[in-house]
Amino acid sequence: MNTRKLRLFDTENVYSSENRDEYEKDYARLIQSPAFRRMQGKSQVFGAGTGDYYRTRLTHSIEVSQIAREVARRLNKTEAFLANREHPGLVIEPEVVECASLAHDLGHPPFGHKGEEVLHTLLSSQYGLNYEGNAQNFRILMFLEKRAGSDSGLDLTAAVLLGINKYPYSLGEPGRMKGVYPREWEGIDYLRQLWKMPQGCATLEAQLMDLCDDIAYSTHDIEDGIRAGKIQMNRSFFEDDRLATHLVQEIVEDYGNGNVGWDQVDIHAMVRRVFDLYLDQWEKIYIACDREVSRARREMKARWVSQFAAQVGIIDDPDTGWKRVTFVRDGEEDLELLRTMEILKKLAWVTLIKDFRVQRLQKRSEIMLQRLWESFIQESTGRLIIPPDWIESYERQQSNWPWPRLVADYVSGMTDTYAEKVYGELFASRSGSIYERD
């Protein structure tokens, strides 16, 4: 039995018997799913619909998949042990990494990270439930999405499901902030046990997808920031010590990135070095591109993606006895490059997300989501204003779907524009037609 191509439900391929590879079927199921299409209307950094140029969750996911696929191909040529396929979790197939990358952001709600924060607060404070974007991925893929002959989501292969699972934990465990909801964890845990995966370790494919997501975030979001004028490519902007101080504060307060050795360096000095390096490189590229800003911006992004992608490698992890996908130089983990990437990620964060105008928009989105929640959360009235197909699905599977989770699923599946549309129907003083289609 090929455990990598195993499906949890359609084990005999009754509903997918056409002459295609299993990963090709996964790819088709993903890109033809409504959840995938809806990502075109969900914010990456700037609100979806802000302009034709800026990335959405959809274009971000496509770009991550391209980077991950190409790195996977290179690693299969340079990492000899991958050819041995000694363990199903120690394999990197480009098609699997591509699918995992396309699906990695499906669970994000409207209005970016603010939407995730609001939904989690509402669910946890009132009902003791979680909302977490990575966990919602699996709820969509394993339950909410529908396909012919299946009431179990898209029923993707084991390799792709575990390739998306960068946090291999159940959110049912006390204190867990990231992972998989308990209901979907049953299936993921079954596959992990079948593969004999070490506890707490992600597959190489999941690790590669996660690192390529960071590469895209640290390069593409900055490109969008330059285009929007939030990041100004001049000396006065980068030499403003308030920017460096703010960025250092974000690094110090982010307890999730403590494994890159910040205690080994003077953080403020390194931030200044990266700023100098970035601006020096920009000035050279700008001149080489005949002082055409749009060309220079794209070339700058391409060079940083190339630099990061070229350094991706695989090392032994003595702490877990597993292997780790990371930046590698001379056979050792390249902590300097990891810290550089983290600084660029934080540069995007403090100049874009922390901008007061973006914060105003986020406050607006917070108010909208809270009022939508209040409109739907009382089941007796919520049933009257939630689309009938959602209510029918809920009634068929009430034992697996408490009402607050239904409301969270419905709201989180909205695009930014659709959330604003429903909010307007409920609260704005305007006339409309009942024949407008959702």
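If you read the sequence from its start, that first residue is 1, and numbering goes on from there. What you see is a predicted model, and the numbers here were worked out from it, not measured in a lab.
- Applying the salt bridge (charged side-chain N to carboxylate O under 4.0 Å, His left out) criterion to Glu70, with sequence neighbours excluded, gives Arg73.
- Rounding to the nearest 0.5 angstrom, the gap separating the CZ atom in Arg29 from the SG atom in Cys99 is 11.0 Å.
- Here CD of Gln311 is found 11.0 Å from OG1 of Thr340. Values are rounded to the nearest 0.5 Å.
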Report the C-alpha separation of Glu333 and Thr326 in whole Å, then their side-chain angles, then the decisive distance to 0.1 Å, and conclude whether the side chain to side chain donor-acceptor pair (under 3.5 Å) test is met. CA-CA 7 Å; Glu333 186 169 32; Thr326 185; 2.8 Å; yes

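- Residues Leu30 and Leu156 are in side-chain contact: their nearest non-hydrogen atoms beyond the backbone lie under 4.5 Å apart.
- Put simply, the side chain of Arg4 reaches to within 4.5 Å of the side chain of Arg85, judged on heavy atoms.
- The side-chain tip of Lys323 points at the ring of Phe81 from less than 6.0 angstrom away and within 45° of straight on.
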May I have the step-by-step check of ring-ring contact (aromatic ring centres under 6.0 Å, His included) for Tyr278 and Trp304, ending in yes or no? CA-CA 10 Å; Tyr278 200 81; Trp304 277 96; 5.7 Å; yes

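- By the 4.0 Å N-to-carboxylate-O rule, Arg7 lies close enough to Asp26 to be salt-bridged with it.
- Evaluation of the ring pair (Phe, Tyr, Trp, His ring centres under 6.0 Å) rule for Tyr27 yields no partner, not counting sequence neighbours.
- Distance alone, capped at 3.5 Å, is enough to place a donor-acceptor pair between the Trp195 side chain and the Thr3 backbone.
- With hydrogens and angles disregarded, a donor-acceptor distance shorter than 3.5 Å links the side chain of Glu24 to the backbone of Asp21.
- Checked for salt-bridge contact, Lys346 and Asp254 meet the test: a charged N lies under 4.0 Å from a carboxylate O.
- Checked against side chain to side chain contact (heavy atoms under 4.5 Å, CB included), Asp319 has the following partners two or more places apart in sequence or in another chain: Asp317.
- Side-chain N or O atoms of Arg57 include none that pairs as donor or acceptor with a backbone N or O of Asp105 at under 3.5 Å.
- The environment of Gln264 atom CD is dense: over 12 non-hydrogen atoms of other residues, nucleotides or ligands sit within 6.0 angstrom.
- For His220, the ring pair (Phe, Tyr, Trp, His ring centres under 6.0 Å) criterion is met by no residue, not counting sequence neighbours.
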Begin with the C-alpha distance, continue with both residues' side-chain angles, and end with the deciding distance and a verdict on side-chain contact (heavy atoms from CB on, under 4.5 Å) for Phe327 and Ile215. CA-CA 11 Å; Phe327 295 140; Ile215 291 173; 4.1 Å; yes

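- Residues in residues 125-135 take part in these salt bridge (Lys or Arg N to Asp or Glu O under 4.0 Å) pairs, two or more places apart or across chains: Glu132-Lys178.
- Looking at Arg329, its side chain never comes within 3.5 Å of a backbone N or O of Asp334 through a donor-acceptor pair.
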Walk me through it: do Leu344 and Phe308 pass the test side-chain contact (heavy atoms from CB on, under 4.5 Å)? CA-CA 12 Å; Leu344 294 179; Phe308 286 136; 4.0 Å; yes

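- Partners of Trp349 by side-chain hydrogen bond (donor to acceptor under 3.5 Å, both in side chains), not counting sequence neighbours, listed by chain and number: Glu250.
- Within the model, atoms CG of Leu141 and OG of Ser33 stand 7.5 Å from one another, a figure rounded to the nearest 0.5 Å.
- Arg405 forms a cation-pi arrangement with Tyr181, by the criterion of a distance under 6.0 Å to the ring centre and an angle within 45° of the ring axis.
- Considering only residues two or more places apart in sequence or on other chains, Glu79 meets the salt bridge (charged side-chain N to carboxylate O under 4.0 Å, His left out) condition with none of them.
- Between atom CD1 of residue Ile222 and atom CG of residue Leu347 there is a gap of 4.5 Å, rounded to the nearest 0.5 Å.
- Of all non-hydrogen atoms in Ala206 and Asn165, the two that sit nearest each other are CB-O, 3.9 Å.
- A distance of 10.5 Å separates CG of Leu119 from OG of Ser124, quoted to the nearest 0.5 Å.
- Within the 4.5 Å cutoff, no side-chain heavy atoms of Thr157 are placed close to those of Val96.
- A search for ring pair (Phe, Tyr, Trp, His ring centres under 6.0 Å) contacts involving His87 returns Trp322, not counting sequence neighbours.
- With a 4.5 Å cut-off on side-chain heavy atoms, Tyr131 and Leu122 do not count as touching.
- When each of Tyr127, Trp390, Trp373, Tyr394 is tested with Trp403 by the rule ring-ring contact (aromatic ring centres under 6.0 Å, His included), just one qualifies, namely Tyr394.
- Separation of atoms CZ (Arg37) and CG (Leu58) is listed at 11.0 Å; rounding is to 0.5 Å.
- A donor-acceptor contact shorter than 3.5 Å is absent between the side chain of Arg324 and the backbone of Pro318.
- Looking at residues two or more places apart in sequence or on another chain, you find a side chain to side chain contact (heavy atoms under 4.5 Å, CB included) between Thr59 and Arg55, Thr56.
- Every side chain to side chain contact (heavy atoms under 4.5 Å, CB included) that Glu374 has, sequence neighbours left out, goes to Arg371.
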How far apart are the C-alpha atoms of Lys5 and Glu93, what are their side-chain angles, what is the distance that settles it, and do they pass the salt bridge (charged side-chain N to carboxylate O under 4.0 Å, His left out) test? CA-CA 12 Å; Lys5 295 187 176 182; Glu93 296 190 75; 5.8 Å; no

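- Although no hydrogens or angles enter the test, the distance criterion places no donor-acceptor pair under 3.5 Å between the side chain of Glu98 and the main chain of Ser65.
- Checking His60 against Asp213 by side-chain atom types alone, a donor-acceptor pair falls below 3.5 Å.
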Passes side-chain contact (heavy atoms from CB on, under 4.5 Å), Leu204 versus Leu82? Steps please. CA-CA 10 Å; Leu204 293 185; Leu82 290 174; 3.9 Å; yes

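- Applying the ring pair (Phe, Tyr, Trp, His ring centres under 6.0 Å) rule to Phe376 yields the partners Tyr410; only residues at least two apart in sequence or on another chain are considered.
- In summary, Glu395 and Arg383 engage in a salt bridge, as defined by a charged side-chain N under 4.0 Å from a carboxylate O.
- Trp401 places a side-chain heavy atom less than 4.5 Å from the side chain of Phe143.
- Between the side chains of Gln136 and Asp409, a donor-acceptor pair is found at a separation under 3.5 Å.
- Contact of the Asn134 side chain with the Val180 side chain is not registered, since no non-hydrogen atoms from C-beta on lie closer than 4.5 Å.
- Salt bridge annotation for Lys345-Asp214: present, with a cationic side-chain nitrogen under 4.0 angstrom from a carboxylate oxygen.
- Note on Arg339 versus Glu342: no salt bridge recorded, every NZ/NE/NH1/NH2 to OD/OE distance being 4.0 Å or above.
- With hydrogens and angles ignored, the 3.5 Å screen pairs no side-chain donor or acceptor of Arg69 with any backbone N or O of Val97.
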When the side chains of residues 167-175 are checked against the rest of the protein, which donor-acceptor pairs come out under 3.5 Å, sequence neighbours left out?
residue	atom	partner	partner atom	Å
Tyr169	OH	Gly200	O	3.4
Ser170	OG	Gly172	N	3.0
Glu173	OE1	Arg176	NE	2.9

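- A 6.0 Å sphere centred on CD of Gln378 holds no more than 12 heavy atoms belonging to other residues, nucleotides or ligands.
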